[in-house]
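A short worksheet on the structure shown next.
In what follows, chains are A, B, ... by sequence order, proteins preceding strands, each numbered from 1.
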Amino acid sequence: MFALVDGNNFYVSCERVFRPSLEGIPVVVLSNNDGCAIARSNEAKALGVKMAQPWHEIRHLEESDGLVALSANFALYGDMSDRMMSLAAGLGPTQEIYSIDESFIGLDGVRGDLKARSMAMRSRILSWIGIPCCVGIGPTKTLAKFANNVAKSAERKPGSYPVEHAQVCDLSKLERSQVDELLEATDVGDIWGIGPRIGKQLREGGIATAAGLARLDPATARARFSVMVERTVRELRGVACISLDDPAEPKQQIACTRSFGRPVEAYGPLVEAVSEFASRAAEKLRSQSSHAGDVLVFIRTSPFRKDPQYSRSIIVPLRRPCSDTSAIVDAALLGLRAIYQPGFKLAKAGVMLMELRPAAQEQFELCLEEPEAGRDKARLMQALDSVNDRWGRGSIKVGSAKIGQTPRDWSMKQQRRTPAYTTEWDDMPIARS
DNA sequence: TCTGGGGTCCTAGGACCC
DNA sequence: TCTGGGGTCCTAGGACCC
């Protein structure tokens, strides 16, 4: 049996803890550069604000309906999340933190009334931390997600589901026919794993509800869609196919990407941005004690504009897998140099680290080969991280001579460059568009 | 004018092997 | 005219999640 604990309108709820005056009024939290709404209070949802809706499309609600928009404060949300997760963990023996506001709890071996226990945990999170949350309980992760959706809807939209499921919905207590009724009342697209594409295809095929999906023959689901959909069908029928993830599992990719506040054309600001992204990514890499093998850099124009479009990415292999900021920044800038073309209004750039592996292996090899260099690098990076941890992100950065150069220098270099420039380095990056 | 920032997994098809 | 039948690995792209 699984429980899914999910903070309601999480970012908005975090803000309300520190600004209780926001209670009861429509609030949205905006993404980076205040681009679009990434969290909405119930009142904002009632106004019709959609997830990830651009701010310029909804800003008129500020005047007409008193909508309040806040810039995101991710450091705060991360901290609130940690506290919420540690309380949620008390519900059962195992926990998988699934996102900043959700965790699955394994309930195997938990005795007593699951619903009462969940209610108690819920009110503890509310009174100790100030975050309202909902709990769904079911025999599979997909059904626990579904139950959580029922719990939230029953509370927020009276009439959508029986009111006794509000806040905590425990499917383990229900007859199969009662579960079927709930599934019947649920759009197929609200099921975990069914996105817009497959949802549309299912509806075209006459399957509009979650109950319809549960009735689909698993073999047909696999043949017509994929093993993912087949797995979802089985999970809806109560057969657990997805287990709780090991919490210690390190990430397989680490990304740092941003949209720019305004279009960027010149090379200089790009160098600064990409250096920053690469440094941040390297920090994240070290925090999970991994090394990266490849660095991917991309730049692109805005697909929403009519301007000439440009989108390129490149993978630069590191000579030796590492987590060293200067090596990763250098690789990222090398890649940027290869894909940059003047004359485009770039809207976004990013750095991704790939081919991640545990750090221990390479460190050992490096220490054998170059004991001094290996130790010095590791110490330098440790110092960097601890200073930034204490004094705030970006307090110390790794310098790069290239950052100091003016855009003019760079445009001259661009002009001088011949098509054969890619042969300048031995680790030739692999380009793709 | 203004459109997020992360992640995961699966699949089809090509290259290559014997 | 007729042109094998497997297998593996890699990559790009698609679909999904919050």
In this structure, how many angstroms lie between the P atom of B/dG7 and the CD1 atom of A/Ile100, rounded? 12 Å
Excluding sequence neighbours, so at least two apart, what forms side-chain hydrogen bond (donor to acceptor under 3.5 Å, both in side chains) with A/Asn148? none
Over how many whole Å does the gap from A/Arg222 atom CZ to B/dA12 atom P extend? 11 Å
OP1, OP2 of C/dC18 versus side-chain N and O of A/Lys145: anything below 4.0 Å? yes
Expressed as a whole number of angstroms, how long is the span from A/Met352:CE to B/dG7:C1'? 10 Å
Under the side-chain hydrogen bond (donor to acceptor under 3.5 Å, both in side chains) rule, collect the residues that match up with A/Ser99, sequence neighbours excluded. A/Asp101, A/Glu102
Which atom pairs link the protein and nucleotides 14-16 of chain B when you take only N or O atoms and keep those under 3.5 Å?
none

Within this structure, what is the CE-to-C1' distance between A/Met354 and B/dT8, rounded to whole angstrom? 15 Å
All pairs passing side chain to side chain donor-acceptor pair (under 3.5 Å) where residues 56-68 of chain A contributes a residue, at least two apart: A/Gln53-A/Glu57
Using atom types as modelled, flag every donor-acceptor pair under 3.5 Å from a side chain in residues 136-143 of chain A to any protein atom, sequence neighbours excluded.
from, atom 1, to, atom 2, distance (Å)
A/Thr140, OG1, A/Leu143, N, 3.0
A/Thr140, OG1, A/Glu235, O, 3.1
A/Lys141, NZ, A/Glu96, OE1, 2.6
A/Lys141, NZ, A/Ser243, O, 3.0
A/Thr142, OG1, A/Glu235, OE1, 2.6

So A/Ile191, base contact, sugar-phosphate only, or nothing? Heavy-atom distance under 4.0 Å. sugar-phosphate
Read 5' to 3' with Watson-Crick or G-U pairs under 3.5 Å, [ ] for crossing pairs and | for partners on another strand, DNA chain C gives ....||||||||||||||
Would you mind classifying the nucleic acid contact of A/Pro303 as base, sugar-phosphate or nothing, using non-hydrogen atoms under 4.0 angstrom? nothing
Between C1' on B/dG7 and CD on A/Gln252, what's the gap in Å once rounded to a whole number? 10 Å
Determine the contact category for A/Phe74: base if any of its heavy atoms lies under 4.0 Å from a base atom, sugar-phosphate if only primed atoms, P, OP1 or OP2 are that close, otherwise nothing. nothing
Considering every strand and a 4.0 Å limit on heavy-atom distances, what is the contact class for A/Leu30: base, sugar-phosphate, or nothing? nothing
Side chain to side chain donor-acceptor pair (under 3.5 Å): pairs with one or both residues in residues 187-214 of chain A, sequence neighbours excluded: A/Tyr98-A/Trp192, A/Asp187-A/Arg203, A/Lys200-A/Glu204
By side-chain hydrogen bond (donor to acceptor under 3.5 Å, both in side chains) - contacts of A/Arg215 (at least two apart): none
Atom CD in A/Glu276, atom SG in A/Cys256: separation rounded to 0.5 Å? 7.5 Å
Donor-acceptor under 3.5 Å (A/Ser226 side chain, A/Arg222 main chain): no
What does A/Gln53 touch in the nucleic acid at a heavy-atom separation under 4.0 angstrom: a base, only the sugar-phosphate, or nothing? nothing
A/Phe146 CZ to C/dC17 P: how many Å, rounded? 15 Å
Taking A/Ser259 for its side chain and A/Lys348 for its backbone only, find out whether a donor-acceptor pair lies under 3.5 Å. no
Quick one: which protein N/O atoms are closer than 3.5 Å to N/O atoms of nucleotides 1-5 of chain B? Pair and distance per line, please.
from, atom 1, to, atom 2, distance (Å)
B/dC2, OP1, A/Arg305, NH1, 2.6
B/dC2, OP2, A/Arg305, NH1, 2.6
B/dG4, OP1, A/Ser259, OG, 3.4
B/dG4, O4', A/Ser31, OG, 3.1
B/dG5, OP1, A/Asn32, ND2, 2.6
B/dG5, OP1, A/Ser259, N, 2.9
B/dG5, OP2, A/Ser259, N, 3.1
B/dG5, OP2, A/Ser259, OG, 2.9
B/dG5, O3', A/Arg258, NH1, 3.4

Which whole-number value in Å describes the distance from A/Glu235 CD to B/dC9 P? 15 Å
Got a list of side-chain donor-acceptor pairs under 3.5 Å for residues 178-186 of chain A, not counting sequence neighbours?
from, atom 1, to, atom 2, distance (Å)
A/Gln178, OE1, A/Glu175, N, 2.8
A/Asp180, OD1, A/Arg176, NE, 3.4
A/Asp180, OD1, A/Arg176, NH2, 3.4
A/Thr186, OG1, A/Tyr161, OH, 2.6
A/Thr186, OG1, A/Leu182, O, 2.8

Using distance only, find each side-chain donor-acceptor pair of residues 38-46 of chain A under 3.5 Å and give its atom names and separation, not counting sequence neighbours.
from, atom 1, to, atom 2, distance (Å)
A/Arg40, NH1, A/Val49, O, 2.8
A/Ser41, OG, A/Val27, N, 3.0
A/Ser41, OG, A/Glu43, N, 3.4
A/Ser41, OG, A/Glu43, OE1, 2.9
A/Ser41, OG, A/Ala44, N, 3.2
A/Asn42, OD1, A/Asn9, ND2, 3.0
A/Glu43, OE1, A/Arg16, NH2, 3.0
A/Lys45, NZ, A/Asn9, OD1, 2.6

Just jot down the side-chain hydrogen bond (donor to acceptor under 3.5 Å, both in side chains) partners of A/Glu283, sequence neighbours excluded, or say none. A/Arg280
Give the rounded distance in Å between these two atoms: CD of A/Glu96 and C1' of C/dC18. 13 Å
Touch class at under 4.0 angstrom, heavy-atom based, for A/Ile254 against every strand present: sugar-phosphate
